[in-house]
Structure formats: structure tokens, C-alpha cells
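Both backbone and side-chain heavy atoms feed into the values below; hydrogens, waters and symmetry mates do not. Since the structure is predicted, the reported quantities are computational estimates derived from the model, not experimental observations. So you know, we letter chains A, B, ... as the sequences are listed, proteins then strands, and number each from 1.
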There are 2 protein chains.
Amino acid sequence: MIPVVSAPTERAVNLADVARLAGVSPATASRALGGHPHVAAATRERVLRIADELSYVVSPDASRLAGGRTGRVAALVPHLSRWYFAALVDGLAGALRAAGLDLLLHPVGDADDRVEYFRRLPARRAVDAIVTVAFPVDDAERERLEGLDVTVVAVGGQVGSHPFVTIDDEAAGRQAVDHLIHLGHSRIAMIETLDPEQRGDQPAGRRLAYERALADAGHPLDPDLDCTVEWGGEEGADAMARLLGLRHPPTAVYAHSDEVALGAVRTLRRAGLRIPADVSVIGIDDDPLAALTDLTTVHQPVREQGTLAGHMVATALSGSDPGPGIVLPTRLVVRGSTAPPRGLR
Amino acid sequence: MIPVVSAPTERAVNLADVARLAGVSPATASRALGGHPHVAAATRERVLRIADELSYVVSPDASRLAGGRTGRVAALVPHLSRWYFAALVDGLAGALRAAGLDLLLHPVGDADDRVEYFRRLPARRAVDAIVTVAFPVDDAERERLEGLDVTVVAVGGQVGSHPFVTIDDEAAGRQAVDHLIHLGHSRIAMIETLDPEQRGDQPAGRRLAYERALADAGHPLDPDLDCTVEWGGEEGADAMARLLGLRHPPTAVYAHSDEVALGAVRTLRRAGLRIPADVSVIGIDDDPLAALTDLTTVHQPVREQGTLAGHMVATALSGSDPGPGIVLPTRLVVRGSTAPPRGLR
DNA sequence: TTGAAAGCGCTAACAA
DNA sequence: TTGTTAGCGCTTTCAA
């Protein structure tokens, strides 16, 4: 019986197809594609040409199953809706993509997610590397991660002794507080945030900077001026309202982040106070909105941290040494929200 | 010979383990886990219990290879660094995660990425579904997508006749422009953005709203008041500067997005103009920063769109009908940046 | 209702 | 340098 010519369902091109057309065995084709040694130059070239013509790309699934690599990297990230995390992931995704790696997003925002995530970790073994994105990992979690035999890279923080890319939060905080001190402020309030998820040293760094900068300048530490709230613009606004209710309100405010700072700014404006004439406000991060709102802040290269972390992952996966880690510099960006004090009354 | 108890290297639990402990064949275990019919209730329960005790989770790779599902969904997204995209992805990721699905991030920001991405599409077959995140897909691309035999869902836009979640951009634009008109403005400028990547109907919708609202109100359409710039706060600021240079500057500005609007606000402030006393400004989106800056805008439920899209994907993959699509309502949010006109001089 | 067997696409010994 | 063989962990006919 003559076989009916059926419309070719778009079956994906596979290794066998490439091998057949190149006139070699699948094993040789695999070696050529994988860049392994011991393949004749002519053979390799032929295989690569055929593969390219067919737009062939290995099946990550099959590859992994057979003991190879998946070409996939997981990013553990608390949430994306904040600029900081999103920009970090954006940079990471770009670098991974350029390296031919796929990014799996593993949101572990709340505590339940987190517990469940680590419980199922072994099953998540389908990645070559895990990047913790501004995600403080506790010791038990770290050990689970390490038992997985995957490359671990931290960005926006550190995890054990794995390669990392981050900034020095205490240094950034010092740049901010010292700026206020240099301007002549001494009653400086701090609006610090304590994210339930953000256990870890980042808050410690920015808080430490405040305490040490004041101490170094010989200014007293007034508990009334030390506000800790949840992260967010609205929370920053509330904190500012509380500060304004003090008998001796501050002449300057050091906020944990730009968004928190903007909340404070809103409260001040609504109270009829002028910035920076009446009160100075400084944030940290240099979120794009800081430039739009003329907010003085400390710039940290966020996207770039993600990019560098992506490079590190690619380097590590290619078998090279990514190095111990990188601490990127931050810098003060003076805009229109800070000035010398003139007294609040 | 008595077998030596070897330290168990943390090998992942597999189906065979579960089957063995449950006293059934791998085939039966697979059926039980997969929720297939024709499995004795007692057997199913036993298998599930064992699996749970062992924290067993199927290997997506092996499952897919064997003809099953991957449990993975790809999100095609232009970039993450803007709040809108990030919030959309955040919602999507949350819903997928709740449904036990993994999210693969496929950034296709620039034109090269895009071409390359679609060229290699067949190889990307390792997902069950693809979600286009505010990503206008052209006809050729859509056809490639459809040849892939995966579920396609669009969020923040539409793709062919695939299920979608979006807003009505023209309606949102009307809410904004009509608000200005109702306040009594007639010289209303538009700062529209034309993202090189954002071919598609979203710009059309917001622009159309402007033209129609003015026409309906009987106000003339002054080409001088129609600015088109690239997306961004700085670009919005530049556009505003140009508008201020006109012989008859506008009394109100309708911006394509909140970030663009904030750029305009900065220019106005720096020019010594008061908002809204001298000039009214309205944006669209209700980015969190709009609340912090007292910007009047039109709210669209961004995160929720992502969440709903995730539900749709889960529904479709479970074999149910996700329905044709959803258009979510937007609403005007009046804050402090709009008021009746008083003339500019 | 259950089990046996085949095979998804690939890689990595081991041979040749 | 290349080919042969044997799985990776799972799902799915087909047979019992």
C-alpha cells in the first residue's frame, strides 16, 4: 500500500536528524555540538552547519536526563513588584540569556512559599545553578541548597561562601548619613524598614551606618528618632507623621530606601513643610523615581549587579572560577531634597 | 554477604522508590500520582501517602520526555525594569506557583532577542504554555507560536484569538482626558510614548482616546500639543519642556503613563509652576509612585491581570476551557495633580 | 485494576 | 576519531 503523504506535523528537529544528515552517529553529533574535544574539525563544522540550517537546539530535558546540563538557572526571588528586585532580575536574565541559559523564576515571597520551596528542593533539581536574588538564606536552607550539587551564586547579599555580587550597605548608609551631618544636621531621624522576609544583614548594614555615623560625629542617639516600619512608601509616610508629632522633630530624615523616603516627602509636603528648606530627606538606591522627584540618594548599580551575577553563573558553569565575589561601589547623588538645617519652627 | 549501609548521597526520590515502597509497579504509581482513572482508591491513597512522606515530586524532564507535561510555562516579556511589566509577571508567577507550575522567563526586549527567540522556538518546546506579557506579537510570530502545540495566553494585550486578560486602553484614556475636560480644560496636551518594541494597539488606544475625547467635547486638535516621545520619565520631562516653550502652553497634560507624567511634573516644578494651580497633570496606570506623589491617574489592576492569566493557563492545562478572555475595568483616581484651569500666565 | 515493556532525546562510558 | 550500547525517570500502550 502506498503511504499517504501526511502533512508534516511540526516535529522538532532532534539530534538523530542532525546526525543522519551529517552522516555521523548521534554520539559524534552530540560531541560536536557540545564542543567536546576529539572531534575532527571537518566533522564538527559539518555537524554545526547542518544543525544551524535545521535551527536545531538540544532538548534541555533529554540532555539533563542523560546526565548533561539543563542550561537552566533558577532565581530565588522574594517578589518582583519592587523596582530593586525587578531590576536585579532583569540584569540577571539578560546576562543568562546572552550566555544561552534559561531563567526559571522561583518566587519565595512569603513564609509558606519558602518552607514549601525548600521542602521540595530535591525535586527542583532540574537546574544547573541557583541564584539567590537579595534573598537572605538561613543556615538550614543553605545546607539544603548545597546538598543539591548545583552552583550557587548570591546577588544583593551573600550566602555562605558562595560567589556573590553585592554592595556594602553600611558604606552606602554612611554616605547618606554623613552627607546630612556634613550639611550641619544633628537631629537626624532614621526610617528603617524591617521586612518580615528580609531577615539578613542588609538592614543591619544600613542601621549600623546610622548609629556609627552619629556616634563618630558626637551626636546623641535619640530613640525617638529611630523608626522601624515595614517596607513601603505608605509606611514611610506614616513614620514621618509620627516624627512630626515629636516635641523636637528632626531637621533631616535618613530613609532606608527611596520609596520610603518619598512617603516621608509626601507627609512633609502635606504638612506644609518645604523640602529641603524645612526638612532634608535622603534615600538609598537611586530608584529611577528618585531622579524624577529630585530626591537626594545614594546610587547603587542594581541592574549591573544582576548582570554580573549572570556572568558569574555562566563562568562557573563553564568550569572556570568565578572568583569569590564582588562588592560594587555606591555613590552619593545630591539632588534637591537636602540642604543645611534652618530649624524646624 | 551483608550489604554495607552506605551514606545515602542525597539522590532525589524517584517514581521507582515510591512504587517499591507502595508495593506497586511504576506504571501504577504513575497513574495514581497523575490522577488517572482506573486506579483502586486504596492503591491511590497508599501511593500518594508514600509520595508525600518522601517529598516526592515528578521530574519535569523525564515526564516531558515520556510524553507527559513539563509543568513549565514560559513568559515572553519585553523587560522587567518597569513597574508595569514586573507587577504583571509577579502576579503571573504567584498564580502559576500556586498551581504547581514553574515559570520560565524569556526576555525578548530588543529586536535581536526577538528574532533569535522565534528562530529557536521549536527548541523551546519544553513548556506546556506560553504567556505573552504585554508583548505585541506579529502575525508571523503568532503562527510560529501556534505551530508549537502549546497553550497560548496573552496578558496586557491580545494575540490572535487566544485567551487574554487585559484592560481597555481607550476607555482608560477616555477616563483621563474626560476628567480634564470636565474640569474645564480645553488646551490639553498629550505626551504619548512610542516604544520601538511596543508595536501593537496599546498606544493606539490611549492616543485614540485623546483624539476622540477632544472631538466629542468640540475642542480643536492642536498638533503642537501632541508630543510623541520614547517611554520614560526623562523623556516626559523633555516633552514638557517643549510644551512650555509654546506660545500658548497647555493648561493640562495627559501623559501616557505615570512615569512619563512625573517627568512632566518635575519640569513644571523646576519652571516654578504650581501643580495643579497652574497646570494639571494626569497619568495612567496607578503605579505605586503615583500615590506617593499625589498624582491623579487612572488605575488599572496590573498584578491582578497577571494572576488571572496564571489561572487561565492552569485552567487550560487542566483541560478545561479558560474562556475567550477578560477585560478588566479601570477607574479614575483623583489626587492632587488636577484642578480646574486658571490660565497659565 | 494492574504489570511488563517500549521508548521519549540525549550523553557518556566503552570499543573499535 | 568515531560508533555502539546503555541507560537517565517517566508515561503509555498493550496484555493480563
Problem set entry | Where protein sits on nucleotides 2-7 of chain C, one letter per nucleotide: B base, S sugar-phosphate only, - none, heavy atoms under 4.0 Å | BBB--B
For this session: Grab the CZ-P distance between A:Arg20 and D:dT2 for me, whole Å please.
Result: 19 Å
Problem set entry | salt bridge (charged side-chain N to carboxylate O under 4.0 Å, His left out) contacts touching residues 33-51 of chain B (sequence neighbours left out) | B:Arg49-B:Glu53
Seminar exercise, completed: In whole angstroms, the gap separating C1' of D:dG7 from CG of B:Asp61 amounts to 15 Å
Problem set entry | Nearest-nucleotide comparison on DNA chain C, the residue closer to the 5′ end among A:Ala62 and A:His36 | A:Ala62
Problem set entry | Phosphate contact (D:dC10 OP1 or OP2) by B:Ser30 side-chain N/O below 4.0 Å | no
Exercise. In whole angstroms, how far is the P atom of D:dC10 from the CZ atom of B:Arg72?
Worked result: 13 Å
Problem set entry | Nearest-0.5 Å distance, CD1 of residue B:Ile326 to CE of residue B:Met312 | 4.0 Å
For this session: Evaluate the salt bridge (charged side-chain N to carboxylate O under 4.0 Å, His left out) criterion for residues A:Arg72 and B:Asp61: first the C-alpha distance (whole Å), next the side-chain angles of each, then the deciding distance (0.1 Å), finally the verdict.
Result: CA-CA 12 Å; A:Arg72 267 182 236 126; B:Asp61 304 290; 3.3 Å; yes
Problem set entry | Side-chain donor or acceptor of B:Asp90 paired with backbone N/O of A:His79 under 3.5 Å | no
Seminar exercise, completed: The side chain to side chain donor-acceptor pair (under 3.5 Å) partners of B:His311 (sequence neighbours excluded) come to none
Exercise. Hey, mind stepping through A:Ser318 and A:Thr315 against side-chain hydrogen bond (donor to acceptor under 3.5 Å, both in side chains) and telling me if it holds?
Worked result: CA-CA 5 Å; A:Ser318 73; A:Thr315 301; 5.6 Å; no
Seminar exercise, completed: To the nearest angstrom, the CD-C1' distance between B:Glu45 and C:dT1 comes to 16 Å
Problem set entry | A:Tyr56 vs C:dC10: side-chain N/O to OP1/OP2 distance below 4.0 Å | yes
